[in-house]
Amino acid sequence: RLTDPKGLIFVAQNDSVSYVREAAVKKLTDQEALAAIAQNDDEEYIREAAIKKLALTDQELLAELARNVPDPLVRGIALDNLTDQDLLADLALNAPDSLVRYAAAENLTDQDLLTDLARNNSADWHVREIAMGKLTDQTLLADIARRFFWPLRSALVRCGVLTDQKILADFAQNDPD
C-alpha cells in the first residue's frame, strides 16, 4: 500500500496502467498534482476523478480548467464552481469553446459586467443575448436594444426580458424596423 505523498503523485501521473493511476488519484490530496492530472491525464475518467478531489475554491485554477481542458465534464465541473464574476466575464468573452462562453455568461450575475457584455461583445451574439436576458434595468435594456438590429430587439420582447410598457410603446411607434 502506497501512502507516501510523493510516491502517490508519481504513480498518479506516470503509471502506465490507468486503473493504478486512478487508485493513486483517489488517495491524493496534493491540489497542484490533482490540478495537473485533471488537465493532462489521457483518460477522461481519471481527469474527472482528479477534479472531483480538488478543493474547488481556487478561482484562477477553475477558470484555467474551464478554458483549457478538452474534457467537457471537467470544464462543466469547473464552471459550476466558478463564482468570480471577473473571471466568468473573461471566459464569456474569450474562451475558445463556445459552450464555455455560453455557460460563463449564464453564470454571471454582476449587472455591470453583464452590461459590458451586452453592449460591447460583438464577437459572439449568443453571449450578448444571454447577457441581455439577465439584465434587470429596463431603461438600460431599451438603450442597448435601440443600438442593434431588429431581430435582437424583437427577441428581447418575445422572451419577456423587455417588459416596460412605455418603452415597448415607444418601440412600436418609433422603431424604423
Side-chain angles (χ1 to χ4, degrees), residues 12 18 21-22 25-26 28-138 140-145 147-163:
S18 62
R21 289 195 315 276
E22 179 188 26
V25 163
K26 289 181 176 180
L28 270 180
T29 58
D30 183 287
Q31 296 295 294
E32 190 174 318
L34 287 166
I37 293 164
Q39 292 179 66
N40 301 315
D41 197 275
D42 292 336
E43 298 291 339
E44 179 178 326
Y45 73 99
I46 295 174
R47 291 190 305 268
E48 292 168 12
I51 197 168
K52 288 176 182 174
K53 291 270 308 196
L54 280 170
L56 299 173
T57 56
D58 182 337
Q59 296 291 292
E60 292 283 342
L61 172 62
L62 291 170
E64 183 180 329
L65 292 172
R67 182 185 311 276
N68 297 321
V69 173
D71 182 346
L73 182 62
V74 170
R75 287 194 316 251
I77 292 169
L79 281 163
D80 286 346
N81 289 279
L82 187 59
T83 57
D84 182 290
Q85 296 292 292
D86 291 322
L87 292 172
L88 284 167
D90 180 62
L91 286 171
L93 280 170
N94 301 311
D97 185 285
S98 62
L99 295 178
V100 171
R101 290 192 306 273
Y102 304 157
E106 288 285 354
N107 290 344
L108 268 173
T109 58
D110 182 286
Q111 292 291 299
D112 291 334
L113 292 171
L114 287 165
T115 299
D116 187 51
L117 277 179
R119 281 190 168 150
N120 303 316
N121 183 14
S122 60
D124 191 326
W125 280 95
H126 190 63
V127 168
R128 176 177 272 161
E129 287 179 84
I130 292 169
M132 291 177 77
K134 296 184 69 127
L135 288 172
T136 57
D137 182 324
Q138 292 289 298
L140 175 64
L141 274 168
D143 178 58
I144 293 169
R147 295 174 173 210
F148 299 110
F149 61 99
W150 175 82
L152 188 56
R153 287 192 298 276
S154 176
L156 287 172
V157 174
R158 276 195 323 272
C159 67
V161 173
L162 194 55
T163 58

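Note that the numbering runs from 1 along the sequence shown for the chain. Computed from a predicted structure; not experimentally measured.
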### Summary
The reported gap from CG in Leu99 to NE2 in His126 (rounded to nearest 0.5 angstrom) is 9.0 Å

### Task
Considering non-hydrogen atoms only, spot the tightest contact between Ala105 and Ala92 and give its length.
N-CB, 3.9 Å

### Message
If I take atom CG from residue Asn94 and atom CZ from residue Arg101, how far apart are they, to the nearest 0.5 angstrom?
### Response
9.0 Å

## Note on the structure
dist Leu28:CG -> Lys26:NZ (nearest 0.5 Å) comes out at 12.5 Å

## Note on the structure
Those residues at least two apart in sequence (or on a different chain) that pass salt bridge (Lys or Arg N to Asp or Glu O under 4.0 Å) with Asp30 are none

### Message
Using every non-hydrogen atom in the two residues, find where Ile37 and Ala12 come nearest and quote the distance to one decimal.
### Response
CD1-CB, 3.6 Å

### Query
Would you say the side chain of Leu65 lies within less than 4.5 Å of the side chain of Leu54, judging by non-hydrogen atoms?
yes

### Message
Do Val127 and Leu93 make a side-chain contact, defined as non-hydrogen atoms from C-beta onward lying under 4.5 Å apart?
### Response
no

### Query
If every non-hydrogen atom of Val74 is compared with every non-hydrogen atom of Ala38, which pair is closest and at what distance?
CG1-O, 4.2 Å

#### Entry: Heavy-atom side-chain proximity of Arg119 to Asp143 below 4.5 angstrom
yes

### Task
Nearest 0.5 Å please: distance from the CG atom of Leu108 over to the CG atom of Leu114.
5.0 Å

### Task
Answer yes or no: is there a donor N or O on one side and an acceptor on the other, between the side chain of Asn40 and the main chain of Ala36, under 3.5 Å?
yes

### Message
Among Asp84, Thr83, Asn81, which residue satisfies the side-chain hydrogen bond (donor to acceptor under 3.5 Å, both in side chains) criterion with Gln59?
### Response
Thr83

### Message
Would you say that Glu64 contacts Gln39 through its side chain, given a criterion of any heavy-atom pair below 4.5 Å between the two side chains?
### Response
yes

### Task
Report yes if the side chains of Leu82 and Leu91 come closer than 4.5 Å at any heavy-atom pair, otherwise no.
yes

### Query
Hey, is the main chain of Pro96 close enough, under 3.5 Å, to the side chain of Arg67 for a donor-acceptor pair?
no

### Query
Can any side-chain N or O of Lys134 pair as donor or acceptor with the backbone N or O of Thr109 at less than 3.5 Å?
no

### Summary
Value for CG (Leu87) from CG (Asn107), rounded to nearest 0.5 Å, stands at 12.5 Å

#### Entry: Polar side-chain atom of Asp124 near backbone of Ser98 as donor-acceptor pair, under 3.5 Å
no

## Note on the structure
In terms of heavy-atom contacts, Lys53 and Gln31 come closest through O-NE2, 3.7 Å

### Message
Minimum heavy-atom separation for Arg128 and Ala118, please, with both atom names.
### Response
NE-O, 2.8 Å

### Summary
Distance col, row Lys52:NZ vs Tyr45:OH, nearest 0.5 angstrom, shows 13.0 Å

### Query
Hey, is the main chain of Thr136 close enough, under 3.5 Å, to the side chain of Gln111 for a donor-acceptor pair?
yes

### Task
Determine whether Asp41 and Val25 make a side-chain contact, defined as any pair of heavy atoms from C-beta on separated by less than 4.5 Å.
no

### Query
Counting only heavy atoms not in Glu32, do more than 12 sit closer than 6.0 Å to its CD atom?
no

### Message
Show the nearest heavy-atom pair for residues Leu113 and Asp86, with the distance to one decimal.
### Response
CD1-OD1, 3.6 Å

